[in-house]
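Comments concern the structure below.
Both counts, for ligands and for their atoms, begin at 1 and track the order of listing. Note that the coordinates shown come from a computational prediction; the quantities given were computed from them, not determined experimentally.
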Amino acid sequence: MNILLIGSGGREHALAWKIAASPLLTKLWCAPGNAGIAREAERVALDVADHGAVIAFCRANMVDLVVVGPEAPLAAGIVDDLAAAGIKAFGPSKAASQLESSKGFTKDLCRASNIPTAGYERFSDAAAAKDYIRRQGAPIVVKADGLAAGKGVTVAMTLAEAESAIDALFTGAGAEAVVEEFMEGEEASFFVLCDGEHALPLATAQDHKRAYDGDKGPNTGGMGAYSPAPVMTDAMIARTMDEIIMPTLRAMKAKGMPYKGVLFAGLMITKNGPKLIEYNVRFGDPETQVLMLRLMSDLVPALLAAIDGELQHFSLRWFPEPALTVVMAAQGYPGDYAKGTRIEGLDEAAKVEGVEIFHAGTKAEGDDILANGGRVLNVTASGASVGEAQRRAYQAIDRIKWPQGFCRRDIGWQAIKREKGGKA
Ligand code: AMP
Ligand code: GLY
């Protein structure tokens, strides 16, 4: 098969690495890709916002399958346009992508289908939102409606924090806020492949969203992850499927927007069971990096089964060994950071047993690899335990020479504490 992958981050490098290992593959392209992806795929300089250009490329190169990594092209309807042109594409339609692009849509769907999630109200007016916040009290959570790249959320511990989040949100016209009940528990990332009607759970993962050790500092897109997530026991997975995922798929089908693709549920495991924090309509980043390392089966037939509505009788095999990934970011991230600094030692680092290095934001200049983004490398390792995977990942990182980068040194700490017999 000829496959075109869309995206340029560590998630796409992990997907490219796994797709490239498929016996079904003839040729893989990636638009636009990065310096690491170039080892697995031929990079193409397509403007992915120009759906006509993507369709023309697919026709000219006899592309059989398009795999869409990030949410923006999905929300722009690229899967609808490709499907209309007779080209198979993995990912939800524009309408179904609202599960990520509109928090209000998702909250309303949860309410109508009795799906456990934080209580909430929607507001299009700052005064009414503040009035509600004062009545509810803190802690409370303020979210912008719409795609905000993980940055539109304020978990406010005080009323003053919540009110200033509302002020910051209602600066322009047309703003919408969702104000939510604060949920307490441990977070987990849960991924399911969906074919419109059936769902196949993938492995579980946990990520670290804060920039610095000890889960301190600003929120980021994710500084590391590991799989499996110890809180996601078989019983918790079964409850999540019954109480959250399957009711969502039934509701989406009833609305005439059946959900196909990967559904990523951000969960809070509370003392009363799993509750939905949010949906994403794509693979997680950096969770995909650990998922792909643990996936034993070929990924490509699973993607095709999701598109073709044939997941009911499908299964996937996973390596039991845990995997862990550490994000190396440019100093300053998630704020301002420099681009173009040189990274050395990658080949030596990749020789550590069990290690796979995925590139997130890199570019090649001759033989040099340069940082080209905030999150730059995902040093990923498997091991007999999370502890061993962590040791291997940091052993590889210590061989990388990049003074302008940084990483957390404690990725996986909750799981490792559990392995040592303590409670995380
Ligand atoms: P989101 O972008 O909705 O995933 O939110 C980003 C982060 O904010 C989540 O990963 C949680 O850590 C936190 N968060 C979001 N909503 C809630 C909530 N209702 N209660 C507690 N924490 C939340
Ligand atoms: N790791 C969280 C995300 O992909 O949004």
Not counting sequence neighbours, which residues clear salt bridge (Lys or Arg N to Asp or Glu O under 4.0 Å) with Arg391? List them please. none

Glu187 heavy atoms, cut-off 4.0 Å: which ligand 1 atoms fall inside? 9 (C), 10 (O), 11 (C), 12 (O)

How are the rings of Phe358 and Trp17 set relative to one another: parallel (under 30°), tilted (30 to 60°) or perpendicular (over 60°)? perpendicular

Relative to Tyr212, does Arg409 satisfy both conditions: NZ or CZ under 6.0 angstrom from the six-membered ring centre, and within 45 degrees of the ring's axis? no

Say whether, by atom type as modelled, one donor and one acceptor occur between the side chain of Asn219 and the main chain of Arg210 under 3.5 angstrom. no

Give yes or no for whether the N/O distance cutoff of 3.5 Å, strictly under, is met between Val155 and ligand 1. no

Tell me the contacting part of Glu180 for ligand 1: side chain, backbone, both, or neither, using a 4.0 Å heavy-atom threshold, strictly below. side chain

Out of curiosity, is Glu184 lining ligand 1, as in a heavy atom under 4.0 Å away? no

More than 12 heavy atoms from other groups under 6.0 Å of CD on Glu353: no

Pairs of donor and acceptor atoms involving the side chains of residues 33-40, under 3.5 Å and at least two apart or interchain, shall be tabulated with distances.
from, atom 1, to, atom 2, distance (Å)
Asn34, OD1, Gly36, N, 2.9
Asn34, OD1, Ile37, N, 2.9
Asn34, ND2, Ser8, O, 3.0
Asn34, ND2, His359, O, 2.9
Asn34, ND2, Ala360, O, 3.2

Assign the ring pair Trp29 / Phe57 to parallel, tilted or perpendicular, where the plane angle (0 to 90°) is split at 30° and 60°. perpendicular

Give the atom numbers and elements of ligand 1 that come within less than 4.0 Å of a heavy atom of Lys103. 2 (O), 3 (O)

What do you reckon, does Asn219 have a nitrogen or oxygen under 3.5 Å from a nitrogen or oxygen of ligand 1? no

Taken in chain and number order and not counting sequence neighbours, the residues that satisfy side chain to side chain contact (heavy atoms under 4.5 Å, CB included) with Glu243 are Pro116, Arg239, Pro274

Strictly distance-based, threshold 3.5 Å: is any side-chain N or O of Ser164 a donor or acceptor partner for the main-chain N or O of Glu161? yes

Write none if no such pair exists; otherwise list each N/O atom of ligand 2 with its protein N/O partner under 3.5 Å and the distance.
from, atom 1, to, atom 2, distance (Å)
ligand 2, 1 (N), Asp207, OD2, 2.9
ligand 2, 1 (N), Asp285, O, 2.9
ligand 2, 1 (N), Glu287, OE1, 2.8
ligand 2, 1 (N), Glu287, OE2, 3.2
ligand 2, 4 (O), Arg282, NH1, 3.0
ligand 2, 4 (O), Asp285, N, 2.9
ligand 2, 4 (O), Asp285, O, 3.4
ligand 2, 5 (O), Arg282, NH2, 2.9

